[in-house]
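Below is one structure; the comments refer to it alone.
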Amino acid sequence: MDPAQLAEVLSGPVLEVAPRLLGARLHHAGVTLRLTEVEAYAGSDDPGSHAYRGRTPRTEVMFGPPGRLYCYFTYGMHTCCNVVTGTEGTASAVLLRAGEVVDGLDLARARRPRSSDRDLARGPARLCSALAITLGENGADLATGEVRLELGDPVTAYETGPRVGLRGAPERPWRFWVPGDPTVSAYRPAAPLRRAPR
DNA sequence: CCGCTGATATTCT
DNA sequence: GAATATCAGCGGG
């Protein structure tokens with residue numbers, strides 16, 4: 001995808017960019033993913049964001065220009081990754097929570113030998129594991145670097161619900177996913193399920 | 001399918 | 001020192 005066009009889309013408001021990433025292709029180290037679930041983080045206005053308390057060595061990349069990868073290490077053993085969005089200085093980003101492996105299936109299976117195909121990239125840390133994304137990829141340029149992002153046509157429909165695993169701001173429905181897709185992570189229920197009307 | 005629990009080290013207070 | 005944008009393995013239904 002044209003680097004200028006990618007930067008143009010990613011520089012928009014994070015709540016518009018996040019659903020735009022659904023259906024996009026993420027490519028690294030021989031595996032390609034179709035993204036099915038993401039979460040928006042809005043920087044300094046957002047208690048749930050790593051950048052809420054300002055600039056630190058870890059969050060430096062979030063404050064930089066859009067179109068780069070923000071990777072972080074958590075729970076003592078897992079790496080997760082985000083797409084940095086918005087204008088430089090805003091520290092907004094979109095966490096990549098899940099996807100479907102559409103190419104490089106054998107490689108992804110080798111990296112996650114105990115997972116079913118459905119679970120290969122179902123969850124933010126699993127996603128990085130399947131794609132072999134580590135802290136070494138922090139700051140990578142998604143238009144021209146080894147980790148590449150290619151936007152597709154916007155999905156025709158998506159659903160939203162509360163973000164997963166947060167203490168600070170669980171009330172914001174900033175998680176976006178492709179309705180009915182089996183690769184969407186189900187660690188915590190999405191929106192409270194409404195009983196079908198009788 | 002569901003819920004519970006231990007593992008583990010970086011990050012910031 | 002405490003908390004953590006998680007996951008795999010286990011046991012029960």
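Naming: A, B, ... by sequence-line order, numbering from 1 per chain.
- Counting to the nearest Å, the C1' atom of C/dT4 and the CE atom of A/M77 are 11 Å from each other.
- Side-chain contact check for A/E137 and A/T134: at least one donor-acceptor pair (N or O, by modelled atom type) lies under 3.5 Å.
- Atom CZ of A/R58 and atom P of B/dT10 are 13 Å apart (whole Å).
- Dashed line: the shortest gap from a side-chain N or O of A/R175 to OP1 or OP2 of C/dA5 is not under 4.0 Å.
- The number of heavy-atom neighbours closer than 6.0 Å to CZ of A/F73, taken from other residues, nucleotides and ligands shown, is above 12.
- Going from atom CG of A/L95 over to atom C1' of C/dT6 covers 11 Å, rounded to whole Å.
- In this structure, A/R112 places its CZ atom 9 Å from C1' of C/dA8, rounding to the nearest Å.
- Stacking between A/F73 and B/dA9 is absent: the ring centroid is not both under 5.5 Å from the six-membered base ring centre and under 30° in plane angle.
- Residue ring and base: A/Y75 counts as stacked with C/dT4 (centre distance below 5.5 Å, interplanar angle below 30°).
- The CZ atom of A/R126 sits 9 Å away from the C1' atom of C/dT6 (whole-angstrom rounding).
- Between C/dG9 and A/R114, a contact under 4.0 Å exists linking OP1 or OP2 to a side-chain N or O.
- Regarding A/E37, its CD atom lies at a distance of 10 Å from the P atom of C/dT6, rounded to whole Å.
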Can you run through DNA chain B from 5' to 3' and write each base as (, ), [, ], | or . depending on how it pairs? Watson-Crick or G-U wobble, both distances under 3.5 Å. |||||||.||||.
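- Put simply, the side chain of A/S49 never gets that close to the backbone of A/D46: no donor and acceptor are under 3.5 Å apart.
- One interatomic measurement links the two molecules: CE of A/M62 to P of C/dA5, which rounds to 11 Å at whole-angstrom precision.
- Close to B/dC12, at under 4.0 Å from its OP1 or OP2, lies a side-chain N or O of A/T56.
- Taking the six-membered ring where the residue is Trp, the centroids of A/H50 and A/Y72 are separated by under 6.0 Å.
- Heavy atoms of other residues, nucleotides or ligands lying less than 6.0 angstrom from CD of A/E60 number more than 12.
- When the side-chain nitrogen and oxygen atoms of A/H50 are compared with OP1 and OP2 of C/dA5, one or more of them lie within a distance under 4.0 Å.
- Under the salt bridge (Lys or Arg N to Asp or Glu O under 4.0 Å) test applied with A/E39, the options A/R97, A/R163, A/R172 reduce to a single match, A/R97.
- Closest to the side chain of A/R118, out of B/dC1, C/dA5, C/dA8, is B/dC1.
- A distance of 10.0 Å separates CG of A/L10 from OG of A/S92, quoted to the nearest 0.5 Å.
- In this structure, A/Y52 places its OH atom 14 Å from P of C/dT4, rounding to the nearest Å.
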